[in-house]
**Student:** 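Pasting a structure below so you can have a look.
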Amino acid sequence: MPETPISERLKQFTSSIAPGVFLVGYVIGTGSVTTMAAAGAKYGLSLMWTGVVAALFTYVMIVAISKVTIVTGKTLLQNFRTHFGASPAIFIMAGLMTTQIASIIGVMGIVSDVVREATTPLTSDGTGIPPLYSAAFFTLLLYGLFWIGRHQAFLKVLAILVTTMGFSFMATMLVVLPGPMEFIEGLIPSVPTEGNAQLLIAGMVGTTMAGVCLVTRSTLVIEKGWTSGDFRTEHRDAFISVTMMLVINVAIMAAAAGTLFVRGIEVRHAVDMIRALEPFAGSLAAMLFTVGIISAGLSSLFPNYLLSIWLLADYFDLPRDPRRPLYRILVAACASTGLAIPIFGGSPVAIMIASQAISPII
């Protein structure tokens, strides 16, 4: 029997970990960057243990949910409805939709805030593009791509830009690498008494062990067509995805700890995170972070827009055809909530962290 070419084996391996890579792209977005940078800037590496514990429990949950999905042939939400009744399933749907809306509001608030700061040199009065203008533009752009079904190529470009930012955080961590004792001490569970440590811990757990991702994982397993013979593949996929999440999250926290924490700078506004990349990127830090955080925001908004129709399709066992009129109306309603902060005001960083903290409760 001829040996399988290396290129074919590589293609098969890449395909086998596709569901896990999707989750990494979903998790490592604006919320993750904001929460991890805020934690590193405020407390250094002292909360790193939270990320490790969250990653461990996320792995357990992903494996368990995947097994249930494979054995039953039903998604997680369908299993809730079948075995526990309609009420728990509806509660889960309502809870996830609540976190979905909160995430959309926070992400678009941060994106529009970053655009405003980045464009201050381009406006005559030095105030930058008003957040409402940029939020409306991005909302219409994303909804337009969803309407015509041409968003896949756009998402691939965004993924490349987000990956570039992720590597930049890892490179920054190597430049300002904290001492080994700081990493060791960061693995010892402790909760600082000052500041908003409890909220940040909840946010760090939520950005990793996100309820949205766990439900989405179930759907991805169904679409992948895995059977009981694929348990080993599923385990490997889950391990790789969780490890990637942990490495990137720790890199963001360590970069912020080695730059912002040592200078006593907290992350109160989105632009405060730019300084975390300066040791590596220098004068390009602002452009690199701006492009990266906008790309991360837009790429995470798409699945948040689609979550409601995925949940409804699962619950009522309907085809997931985004061209259905009801689905288009629901996506439009979800997308419009991103205009909340530009219209009514508020702190996008605080809202983003709070939205992450809600997720594990659900």
**Student:** Measure from the side-chain N and O atoms of Thr259 to the backbone N and O of Ala255, and report whether any donor-acceptor pair falls under 3.5 Å.
**Tutor:**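 Side chain of Thr259 to backbone of Ala255, a donor-acceptor pair under 3.5 Å: yes, one is there.
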**Student:** Are more than 12 heavy atoms, taken from residues, nucleotides or ligands other than Phe84, located less than 6.0 Å from that residue's CZ atom?
**Tutor:**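 Result for CZ/Phe84: open.
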**Student:** Any luck finding a side-chain donor-acceptor pair between Arg217 and Ser66 under 3.5 Å?
**Tutor:**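 Yes, because at least one side-chain N or O of Arg217 sits under 3.5 Å from a partner of the opposite role on Ser66.
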**Student:** With heavy-atom distances below 4.5 Å as the criterion, would you say the side chains of Phe80 and Leu76 are in contact?
**Tutor:**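 They are in side-chain contact.
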**Student:** Under 6.0 Å from the ring centre and within 45 degrees of the ring axis: does the NZ or CZ of Arg324 meet both conditions for the six-membered ring of Tyr327?
**Tutor:**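 Relative to the ring axis of Tyr327, which defines the angle, Arg324 lies inside both limits.
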**Student:** Quick one: does Arg81's side chain get under 4.5 Å of Met93's, heavy atoms only?
**Tutor:**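 A side-chain contact is absent here, since even the closest heavy-atom pair is not under 4.5 Å.
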**Student:** Indicate yes or no: at least one non-hydrogen side-chain atom of Phe344 is less than 4.5 angstrom from one of Ile105.
**Tutor:**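 A side-chain contact under 4.5 Å is absent here.
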**Student:** Checking the side chain of Gln78 only, and the main-chain atoms of Thr75 only, is there a donor and an acceptor separated by less than 3.5 Å?
**Tutor:**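 At least one qualifying donor-acceptor pair exists.
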**Student:** Evaluate the side-chain proximity of Phe137 to Val115: yes if any heavy-atom separation is below 4.5 Å, no if none is.
**Tutor:**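 With C-beta onward as the side chain, the pair stays apart.
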**Student:** Main chain of Met204, side chain of Thr208: is a donor-acceptor contact present, judged purely on distance under 3.5 Å?
**Tutor:**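 Indeed, once roles are kept as given, a pair shorter than 3.5 Å links the two residues.
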**Student:** Counting distance only, does the side-chain N/O of Asn249 pair as donor-acceptor with the main-chain N or O of Leu246 below 3.5 Å?
**Tutor:**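 Looks like no, no N/O pair under 3.5 Å.
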**Student:** Under 3.5 Å, is there a donor-acceptor pair between the Thr207 and Thr35 side chains?
**Tutor:**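 There is no such pair (donor and acceptor under 3.5 Å, judged by atom type) between the side chains of Thr207 and Thr35.
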**Student:** Verify the cluster assignment for Leu187 and Phe57: are they in a single hydrophobic cluster under the rule of side-chain heavy atoms below 4.5 Å apart?
**Tutor:**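 Yes; Phe57 is reachable from Leu187 via cluster members.
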**Student:** For atom OH of Tyr133, is the number of surrounding heavy atoms from other residues, nucleotides or ligands below 6.0 Å larger than 12?
**Tutor:**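 Not buried by this count: 12 neighbours or fewer within 6.0 Å.
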**Student:** I'd like to know if the side chain of Asp113 reaches the main chain of Gly109, judged simply by a donor and an acceptor atom lying under 3.5 Å from each other, with no hydrogens or angles considered.
**Tutor:**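 Pair absent, no side-chain N/O of Asp113 close to backbone of Gly109.
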**Student:** Do Cys334 and Asn304 have side-chain heavy atoms sitting under 4.5 Å apart?
**Tutor:**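 Sidechains of Asn304 and Cys334: no contact.
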**Student:** May I ask you to test the Val63-Phe231 pair for a side-chain heavy-atom distance under 4.5 Å?
**Tutor:**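 Not in contact.
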**Student:** Got a donor-acceptor contact below 3.5 angstrom from the Tyr305 side chain to the Leu330 backbone?
**Tutor:**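 Checking the backbone N and O of Leu330 against the side chain of Tyr305, no donor-acceptor pair under 3.5 Å is found.
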